[in-house]
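Below is one structure; the comments refer to it alone.
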Amino acid sequence: MSGAQPGTSASRVELEKLLAIDISPELLELALTHRSFAYENGGIAHNERLEFLGDSILGQAVTVKLYRDNPLLDEGELAKRRASLVSSVALAEVARSIGLGRHLRLGRGEELTGGRDKSSILADTVEAVIGAVYLDAGGEAATELVLRLVAPLMTDPDRFGASMDPKTSLQELSTRLGRGLPHYEVVDSGPDHSKRFHASVSLTGDARSTGSTAAAAIAEGTGTSKKQAEMAAALEAWTVLSALS
């Protein structure tokens with residue numbers, strides 16, 4: 001299905017139906033606007049403030065759900081499950097399941113480099129949509145949306161496997177495949193009170209098993225801390241290697 005053209009009213013209506021929400025066209029358009037599109041169109045508003053808001057709402061909704069549904073789990077186990085469900089890998093999975101990439105407003109550079117399927121962009125946009133729903137319809141509607149989106153992940157029996165400790169799981173898998181130890185590089189951006197971290201992970205061992213170039217970054221991740229970004233990158237790298245092994 002090709003779907004409506006990104007940025008059009010038809011595209012927004014199509015997405016509203018997929019999400020089962022009723023939201024103002026202006027807020028939904030803002031939630032779908034990546035900074036690359038904004039910069040190429042005169043510095044218009046983009047979705048990063050909504051993303052900041054949505055991240056908080058997402059975390060709270062998932063935390064409360066896990067707490068209520070798992071009375072026998074301790075704090076550490078609950079924290080690991082929450083980290084798995086709100087990771088950029090998980091959110092990108094949610095985005096792909098609803099075809100969110102088709103509706104993004106991206107700049108030409110991101111279009112040419114596959115931005116519609118980049119996990120970091122998809123995950124950030126999911127958070128921005130959650131933030132937009134909160135502003136337009138309130139906390140209850142935003143929480144309902146979060147739980148509807150993550151429900152399939154919560155019932156996935158494999159969800160809390162490698163995702164519980166992605167860095168260790170990646171190291172074990174890459175060693176088994178002869179790819180050596182993972183190497184992480186992290187950069188940060190934004191003001192001190194609201195920093196974002198972007199991590200890339202590369203494998204420096206024998207690349208013959210995958211046909212990739214040795215030491216090339218195979219995955220990326222973002223987060224509000226260095227640790228969170230590295231975990232997101234590790235989980236995506238583990239997913240990539242698992243598919244190839």
From OG1 (Thr33) to CD (Glu29), nearest 0.5 Å: 5.5 Å
Do Val64 and Val150 share a hydrophobic cluster (ILVMFWY, side-chain heavy atoms under 4.5 Å, transitive)? no
Tell me, please, which residues at least two apart from Ala199 pass side-chain contact (heavy atoms from CB on, under 4.5 Å). Val186, Ala229, Glu230, Ala233
Applying a strict under-4.5 Å side-chain criterion to I, L, V, M, F, W and Y, I'd like to know whether Leu153 and Ile130 cluster together. yes
Given Leu104, Val94, Leu91, the one that forms side chain to side chain contact (heavy atoms under 4.5 Å, CB included) with Leu122: Leu104
Write out all pairs satisfying side-chain hydrogen bond (donor to acceptor under 3.5 Å, both in side chains) with one or both partners inside residues 52-69, taking only residues at least two apart or from two chains. Thr63-Arg82, Lys65-Asp69
Residues Gly115 and Ile121: closest non-hydrogen pair is O-CD1, 3.8 Å
Grab the two heavy atoms, one from Gly221 and one from Ala232, that are nearest each other, plus how far apart they are. CA-CB, 3.9 Å
Looking at CG of Leu173 and CD of Gln171, how far apart are the two atoms once the value is rounded to the nearest 0.5 Å? 11.0 Å
Note, Leu149 side chain near Leu19 side chain (heavy atom, < 4.5 Å): yes
Residues in salt bridge (charged side-chain N to carboxylate O under 4.0 Å, His left out) with Arg96, at least two apart? Asp117
Atom of Leu170, atom of Tyr184 and distance for their closest heavy-atom approach: CD2-OH, 3.6 Å
Could you go through Glu77 and Asn70, starting from their C-alpha distance and side-chain angles, then the distance that decides it, and tell me whether this counts as side-chain contact (heavy atoms from CB on, under 4.5 Å)? CA-CA 10 Å; Glu77 185 74 10; Asn70 301 278; over 6 Å; no
Distance check, rounded to the nearest 0.5 Å: Asp188 atom CG versus Ser225 atom OG? 11.5 Å
Would you give me the side-chain donor-acceptor pairs under 3.5 Å for residues 44-52, sequence neighbours excluded?
residue : atom : partner : partner atom : Å
His46   : ND1  : Glu48   : N            : 3.4
Asn47   : ND2  : Ala31   : O            : 2.9
Glu48   : OE1  : Arg35   : NH2          : 2.9
Glu48   : OE2  : Arg35   : NE           : 2.5
Glu48   : OE2  : Arg35   : NH2          : 2.7
Glu51   : OE2  : Arg196  : NH2          : 3.1

Nearest-0.5 Å distance, NZ of residue Lys80 to CG of residue Leu66: 14.0 Å
Please determine if Arg176 and Glu172 form a salt bridge, counting it only when a charged side-chain N lies under 4.0 Å from a carboxylate O. no
Closest approach of Ser88 and Ala123, non-hydrogen atoms and distance? O-CB, 3.5 Å
Value rounded to 0.5 Å, distance of CG in Leu18 from CZ in Arg102: 6.5 Å
Expected output: side-chain Asp136 to main-chain Ala132 donor-acceptor under 3.5 Å: no
Using only heavy-atom distances, determine whether the side chains of Ser36 and Glu110 contain a donor-acceptor pair under 3.5 Å. no
Does a side-chain heavy-atom distance below 4.5 Å link Glu236 with Glu220? no
Side-chain heavy-atom pair Val129, Leu145 within 4.5 angstrom cut-off: yes
At what distance, to the nearest 0.5 angstrom, does CD of Glu111 lie from CZ of Arg116? 4.0 Å
Does the Ser174 side chain pair with the main chain of Gly180, one donor and one acceptor, at a distance under 3.5 Å? yes
Please check if Phe197 and Val201 belong to a single hydrophobic cluster, counting links between Ile, Leu, Val, Met, Phe, Trp and Tyr side chain heavy atoms closer than 4.5 Å. no
Is there a side-chain contact between Leu15 and Leu32, using heavy atoms and a 4.5 Å cut-off? yes
Leu100 reachable from Phe37 in the ILVMFWY side-chain graph, under 4.5 Å edges: no
What I'd like to find out is whether the side chain of His34 reaches to under 4.5 Å of the side chain of Thr125, using heavy atoms alone. no
Heavy atoms only: give me the nearest Ser87-Leu235 pair and the separation to one decimal. OG-CD2, 3.9 Å
For Ala90 and Leu85, work out which heavy atoms get closest and say how close. CB-O, 3.5 Å
What residues form a side-chain contact (heavy atoms from CB on, under 4.5 Å) with Glu185, not counting sequence neighbours? His183, Ser200
Does Asp22 have any salt bridge (charged side-chain N to carboxylate O under 4.0 Å, His left out) partners at least two apart in sequence or in another chain, and if so, which? none
Can you tell me if Glu40 uses its side chain to pair, donor with acceptor, with the backbone of Arg108 under 3.5 Å? yes
Does the side-chain contact (heavy atoms from CB on, under 4.5 Å) test come out yes or no for Arg105 and Asn41, once each step is laid out? CA-CA 11 Å; Arg105 304 174 82 204; Asn41 288 271; over 6 Å; no
